[in-house]
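It should be emphasised that the depicted structure is a prediction, and the values quoted were computed from it without experimental measurement.
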Amino acid sequence: MENYVDGFVVPVPKDKLDAYRQMAERAGKIWVEYGALAYREWVADDVKDGKVTSFPQAVDLKEDEVVIFAWITYKSREDRDRINEQVMADPRLSDMMDPSTMPFDGMRMFWGGFKKLVQLP
């Protein structure tokens, strides 16, 4: 059972969604290889602009973009820290770390680590 989650939200240009998906699949396999329990990415389907706050506002969504909502689950915070250190050092991801070649604007991405509060079932 997972006890720690890294979550992130990122705007992706619609015309780069396939390139983003390919990058995410490649990265996700590496996270799982190092011990993540699951790697999930979802594309917005029913996400409205808010008056005060919303997913689109949080990432300064442009008309030609879509929101990605994702998370990676781990057994513990300690596992997450160890796994992320290994993933970030993995040379198979080095070509994905250059902001000029990313299929999204990394400056508008936000993320964080979360400990479990409620989990059903």
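- Met109 and Met88 end up in the same hydrophobic cluster when Ile, Leu, Val, Met, Phe, Trp and Tyr side chains are linked at under 4.5 Å.
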Arg92 vs Asp90, test: salt bridge (charged side-chain N to carboxylate O under 4.0 Å, His left out). Steps then yes/no.
CA-CA 5 Å; Arg92 294 174 291 173; Asp90 193 302; 2.7 Å; yes

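- More than 12 heavy atoms of other residues, nucleotides or ligands sit less than 6.0 Å from atom CG of Asp95.
- Relative orientation of the Tyr39 and Trp31 rings is tilted, given thresholds of 30° and 60° on the angle between their planes.
- In this structure the side chain of Glu41 reaches within 4.5 angstrom of the side chain of Tyr20, judged on heavy atoms.
- Only one option out of Ile68, Asp105, Val67 pairs with Val12 in a side-chain contact (heavy atoms from CB on, under 4.5 Å); it is Ile68.
- Atom CD of Gln86 has more than 12 neighbouring heavy atoms from other residues, nucleotides or ligands inside a 6.0 Å radius.
- For the pair Arg108 (side chain) and Val59 (backbone), a donor-acceptor distance under 3.5 Å is present.
- Using a 4.5 Å cut-off between side-chain heavy atoms of Ile, Leu, Val, Met, Phe, Trp and Tyr, with links allowed through other members, Val32 and Trp71 fall into different hydrophobic clusters.
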Under the criterion side-chain contact (heavy atoms from CB on, under 4.5 Å), I'd like the reasoning laid out for Arg80 against Lys75: C-alpha separation, chi angles, the key distance, then a yes or no.
CA-CA 8 Å; Arg80 175 264 208 159; Lys75 284 189 261 184; over 6 Å; no

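- Tyr4 and Phe114 have their aromatic ring centers separated by at least 6.0 angstrom.
- In this structure, Gln57 contributes its side chain and Ser54 its backbone to a donor-acceptor pair below 3.5 Å.
- In this structure the side chain of Val47 reaches within 4.5 angstrom of the side chain of Pro56, judged on heavy atoms.
- Residue Lys29 places its NZ atom among 12 or fewer non-hydrogen atoms of other residues, nucleotides or ligands, all under 6.0 Å distant.
- Heavy-atom neighbours of Met107 CE from other residues, nucleotides or ligands within 6.0 Å: at or below the threshold of 12.
- Minimum heavy-atom separation, Pro13 to Pro103: CD-O, 3.3 Å.
- Across all non-hydrogen atoms, the minimal contact from Asp6 to Gly113 is OD1-CA, 3.4 Å.
- Val9 and Ile72 fall into different hydrophobic clusters, where Ile, Leu, Val, Met, Phe, Trp and Tyr side chains are chained together by heavy-atom contacts under 4.5 Å.
- A chain of hydrophobic side-chain contacts below 4.5 Å, direct or via other Ile, Leu, Val, Met, Phe, Trp or Tyr residues, connects Met97 to Trp111.
- No donor-acceptor distance shorter than 3.5 angstrom exists from the side chain of Thr73 to the backbone of Val5, with no hydrogens or angles considered.
- Side chains of Lys116 and Asn3: a donor on one and an acceptor on the other come within 3.5 Å.
- Taking the six-membered ring where tryptophan is involved, the planes of Phe69 and Phe55 are perpendicular, since the angle between them exceeds 60° and thus also 30°.
- The backbone N or O of Tyr74 sits nowhere less than 3.5 Å from a side-chain atom of Asp79 that would complete a donor-acceptor pair.
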Starting from the C-alpha separation in whole Å, work towards a yes-or-no answer on side-chain contact (heavy atoms from CB on, under 4.5 Å) for Ile83 and Asp81.
CA-CA 6 Å; Ile83 291 164; Asp81 292 346; over 6 Å; no

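- Residues Phe104 and Glu65 have side chains not in contact (no heavy-atom distance under 4.5 Å, counting atoms from C-beta outward).
- Remark: Glu25 engages Arg21 in a salt bridge, criterion side-chain N to carboxylate O under 4.0 Å.
- The residues Asp49 and Lys51 are annotated as not salt-bridged, no charged nitrogen and carboxylate oxygen being separated by less than 4.0 angstrom.
- Follow the hydrophobic side-chain contacts under 4.5 Å out from Ile30 and you reach Val10 in the same cluster.
- Atom OG of Ser76 and atom NZ of Lys115 lie 13.5 Å apart (nearest 0.5 Å).
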